[in-house]
Every structure is written in structure tokens, then in C-alpha cells.
Amino acid sequence: MKSVDAHLADILATVRPLAPLELELERALGTTLAEEVTAPLPLPPFDNSAMDGYAVRAADIAEVPVTLPVIDDVAAGSDELRAVGPGHAVRIMTGAPVPAGADTVVPVEWTDGGTASVTIERTTGPGNAIRRAGEDVQAGEVVLAPGTAIGPAQLGIIAGVGRRRVWVRPRPRVVVLATGAELVEPGLPLGPGQIWDSNSFTLTAAVRETGAEGFRADTVGDDPAAFLDQLDAQLVRADAVITSGGVSMGAYEPVKEALGPLGTVRFEKVAMQPGMPQGFGVVGEDRVPIFALPGNPVSSYVSFMLFVRPALRKMCGLPAGPPETETAHVIGALRSPQGRRSFLRGTLASDGTVSPVRGQGSHQLAALASANALIVVPEDVTEVPSGTAVEVIRL
Ligand SMILES: Nc1nc2c(c(=O)[nH]1)N[C@H]1C(S)=C(S)[C@@H](COP(=O)(O)OP(=O)(O)OC[C@H]3O[C@@H](n4cnc5c(N)ncnc54)[C@H](O)[C@@H]3O)O[C@H]1N2
Ligand code: MOO
Ligand SMILES: [Mg+2]
């Protein structure tokens, strides 16, 4: 059997970051920066007041209380500024440019708030409540490096340096295609032998949570030709495809039967539990990566977390590798098959302990939904006594 690490390595060696695209800023949230963003001007662009108050010369307020005539009133955005001469004060608002001559700002709370003249009751030295030009960013300075994930604050600084459009790696468009003759759309009644399709919802949501765009395609039954038709139709909008089901050893395995003969998708057993049967490769003229995940609901989600999520992150232009783990102490004994890495569903508590949830079968979706972590048991370990330190992956 192939190791989990070798399978992920093969996948990461195949997928590539998507080509950069120039987007309007409004559409750039959740994408990855593909250029260096620099500031054309210093930020702030000019010395300005950090407070509502009075711009004065510090020398004039060395002795307080002192009353000074107010010769001007400057709001943020003002461009006609009178210089502050000796013995003068200018009423100034937060964000307004500091007029020439003034070297300090007295907050209004330290004064009587006068408009014709002001009495200042508390003194301060030069430079009080003044935000200097270039204090945040110097002209020409790099504010964001390529590869940065664009969240609200990153979007803000791109706008803050005056940019309207930005080069990014777009979110990959990922089609999720569930297979199985037994599947029924949730909301419709079940016939004998049928179940409601849950995997396409789980996987589409997992795609979106990773920062890619997820599209849920209509499910297909067990006919390989129908599967190929649906795949063909979906490829036009796909940077990657995820299928669920039809990859194991049964008589009706449409995904394996349809993709196996292409020669560009490999079906293998990976030494893990759950998620042993895995298919991965490329399809279509554009060699679109395809992840053929096992149909058992827990298996498909665990496979997503271990293999698809890192691949989508790489396509996004983000750092990609195995899921991060942390150490916890297990409460209760664990068992794991020899030679396979287990990912048991568990509840991680704030005291650093983790307990396996009841129901570790790869069909037990409700048990998965009650868990918040995967407990990793290495390939060569079959029994883990209670109290042992284990690695866990947060879900
Ligand atoms: N003889 C063997 N049988 C099986 C093996 C094996 O090695 N030898 N492997 C088992 C393992 S492990 C897994 S995992 C599954 C993988 O099965 P498939 O990928 O072929 O998936 P299906 O047969 O289509 O379905 C399996 C199971 O999952 C349910 N399912 C499928 N799709 C959905 C969906 N969209 N939503 C909810 N549930 C779904 C399906 O009804 C089946 O119960 O194979 C084992 N068998
Ligand atoms: O490996 Mo399967 O994924 O046990 O259910
Ligand atoms: Mg099957």
C-alpha cells in the first residue's frame, strides 16, 4: 500500500498555482496576492492631528493656564491653512493637516473649548498628538508581499495606497460530483435501498471553507458513460474536480471504470483508515486535477482534509503541506489497524485532552459531526493506552 505522505507528495507535485489575474478590489477578498504592493506616497501623506484640539507652539504653553487667540479652524480635508504664529492657536480636528508653525496639539479636553480664544489648562511638549508623515509606510515601501492571503485588512491597505485593481491568484473553481445509484437529493422522499446524498454537501462546504469556489454538480448513478458525460459538461468551469464514491472493489464503480482506462488517473490503496481507496490524476485537454474520493462519508471528508485541502491551498498560491497537528493527551484507549495511519474522530477539550467519539465507522457521519478533531495513530501503532500523548488535527 502507498503511504499517506507519498500520496500527498504525488498530488502536490502535480497541482500548480493558478495563473495570476487582475481583479477589481471588490472581488479580491479571499484570493492570494500575486504581486508586490508598494506605497507610491508615504502614509500618512502629511503630518496630521491625532486628536480634536488646538495646534499651537509648545513654547507658548510652557506656563499654564494661558489664553491664546484662535486664528483658524481646520477640519480633515482642509487645504487652506494659515500658519500658526507665536502666541496663536488653530482649532484642529483629527486627521487634519498640522499648519506650519505649530509643533504640538493640545486635546480639547485640556482646554475650555473656546472658538474665538482658547484657555489651555494643561501643558505638553513638542510633537504631542501629531501623526508624522510616513509613520506607517514610507514612499516606495512594500506593504504586502506576493503570496499574502487577502483578508479585509489586506484589502484595506491595497486601497489605502491608492490601488483600484490588483493582481491575484484567483480562487480555484472546484466541481464536486457525487456518484451512486442509491443517492437521493435531500428534501425528496427515499425509496427502498436509497439514502440521501450528504457527501456533495460536505465536500462543497469544505471546498468553500478552504477559500476556493465550490460547485455542486447533479449526482450521477452507477453508469460510467453517464459519469463521463457529466464530467465533460462540468470541466468547462472547473480548475479541479472532486468525485465521491465508485472507487473501490465492487461491481459498480463508475468513477474507477470511467477514469481508469484514461491512463491519467491512478487508483490506489493508501495506508490509512478511513480513506483507503483513492484516485488521483488529471482529466481533459487542460489536464484538470481530479480527486476521486471514497464514498463512505467519513472517508471522503478525511480524504479531503488530508489531500484535497493542501492541493487547493497550493492552487491558491498559499503554503501547502500536510494538515497541522498539535499534541493532546488521549482519554480512553485507542485501537488502530497495523500498517495503516488512523484518523480517529475525537473531541479536543481546552485542557489539552482528546476523547474518541462514539462511533468510529467510516459511515458514521453523525459521529463525525460531533467531533472537532482527528486523532492520528501512526502506522506501526495498534494500541494506544489512555493518557498517551497523541497528535491531533483540528477540524
Ligand atoms: N471488497 C472490498 N470492499 C470495499 C473495500 C475493499 O477494499 N474491498 N473498501 C471499502 C472502503 S475502505 C471504502 S472507503 C469503500 C469505498 O467505496 P466507494 O468509493 O466505491 O463508494 P461507494 O461504493 O459508492 O459507497 C460507499 C458507501 O458510501 C455511501 N455513499 C456513497 N456516496 C455517498 C454520498 N454522496 N452521500 C452519502 N453516502 C454516500 C454508499 O451508500 C456506501 O454505503 O468501499 C469499501 N468496500
Ligand atoms: O477506508 Mo474506508 O475509507 O475504511 O471506509
Ligand atoms: Mg463501491
Side-chain angles (χ1 to χ4, degrees), residues 1-4 7 174-188 190-207 214-224 226-227 230-231 234 241-260 265-281 290-308 334-345 356 359-369 371 374-377 379:
M1 267 194 282
K2 189 181 186 185
S3 75
V4 171
H7 193 58
V174 183
V175 168
V176 174
L177 175 46
T179 69
E182 73 280 30
L183 301 180
V184 172
E185 190 73 5
L188 297 180
L190 283 189
Q194 297 184 323
I195 60 164
W196 284 298
D197 162 31
S198 59
N199 288 355
S200 66
F201 290 90
T202 309
L203 294 170
T204 307
V207 164
F215 302 107
R216 222 188 120 244
D218 287 343
T219 61
V220 293
D222 286 341
D223 175 19
F227 169 76
Q230 172 67 308
L231 182 61
Q234 295 296 329
V241 176
I242 303 172
T243 65
S244 107
V247 300
S248 192
M249 308 297 288
Y252 311 101
E253 305 289 22
V255 177
K256 198 176 183 179
E257 286 165 36
L259 300 181
V265 183
R266 283 174 67 170
F267 290 87
E268 303 173 275
K269 285 194 175 184
V270 175
M272 62 192 282
Q273 172 66 38
M276 182 175 63
Q278 295 286 336
F280 173 73
I290 186 163
F291 302 86
L293 306 184
N296 275 326
V298 180
S299 312
S300 65
Y301 184 55
V302 169
S303 305
F304 179 92
M305 294 301 287
L306 287 169
F307 304 126
V308 187
L334 308 176
R335 300 175 71 84
S336 171
Q338 168 64 38
R340 288 163 77 177
R341 193 180 299 175
S342 283
F343 299 91
L344 299 163
R345 280 66 71 200
Q360 293 288 337
S362 51
H363 59 297
Q364 287 175 292
L365 184 54
L368 172 67
L374 296 174
I375 308 169
V376 185
V377 183
E379 290 79 346

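Read the numbers this way: they start at 1 and go in the same order the structure lists the ligands and their atoms. Sequence positions, counted from 1, serve as the residue numbers for this chain. Excluded from the calculations below are hydrogen atoms, water molecules and symmetry mates; all remaining heavy atoms, backbone and side chain alike, are included. Nothing here was measured: the structure is a model prediction, and the numbers come from that model.
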Would you mind running through ligand 1 and noting each atom that sits below 4.0 Å from a heavy atom of [X]?
| X | result |
| --- | --- |
| Gly246 | 18 (P), 19 (O), 20 (O), 21 (O), 22 (P), 24 (O) |
| Lys269 | 7 (O) |
| Met276 | 7 (O) |
| Asp197 | 34 (C), 35 (N), 36 (N) |

Suppose we measure from [atom] to each protein heavy atom; which comes out shortest, and what is that distance?
| atom | value |
| --- | --- |
| atom 5 (O) of ligand 2 | Ser362 OG, 2.4 Å |
| atom 38 (N) of ligand 1 | Ile195 CD1, 3.3 Å |
| atom 4 (O) of ligand 2 | Gln273 NE2, 3.2 Å |

Please confirm whether [X] approaches ligand 1 to less than 4.0 Å, judged on its heavy atoms.
| X | answer |
| --- | --- |
| Ser362 | no |
| Glu253 | yes |
| Gly180 | no |

Ligand 1 N/O within reach of [X] N/O, cut-off under 3.5 Å:
| X | result |
| --- | --- |
| Gly245 | no |
| Ser200 | no |
| Val247 | yes |
| Leu183 | no |

Distance under 6.0 Å and angle within 45° of ring axis: Arg266 vs Phe280: no

Just which atoms of ligand 2 are under 4.0 Å from any heavy atom in Arg340? 1 (O)

Within 4.0 Å of some non-hydrogen atom of Ser299, the atoms of ligand 2 are 2 (Mo), 3 (O), 5 (O)

Do any nitrogen or oxygen atoms of Met276 lie less than 3.5 angstrom from nitrogen or oxygen atoms of ligand 2? yes

Take every heavy atom of Gly275, measure it against each atom of ligand 2, and state whether any distance is under 4.0 Å. yes

Minimum-distance pair of heavy atoms, taken over all atoms of Gln230 and Asp218: NE2-O, 2.8 Å

Any heavy-atom pair between the side chains of Leu177 and Phe227 that's under 4.5 Å? yes

Candidates Met272, Met249, Lys256; heavy atom nearest atom 1 (N) of ligand 1 found on Met249

Applying a 4.0 Å heavy-atom criterion (strictly less than), which segment of Pro294 is in contact with ligand 1: side chain, backbone, both, or neither? both

Between Pro294 and ligand 2, find which residue part has any heavy-atom pair under 4.0 Å and reply side chain, backbone, both or neither. neither

Taking CZ in Phe215 as the centre, count heavy atoms belonging to other residues, nucleotides or ligands within less than 6.0 Å. Is the count above 12? yes

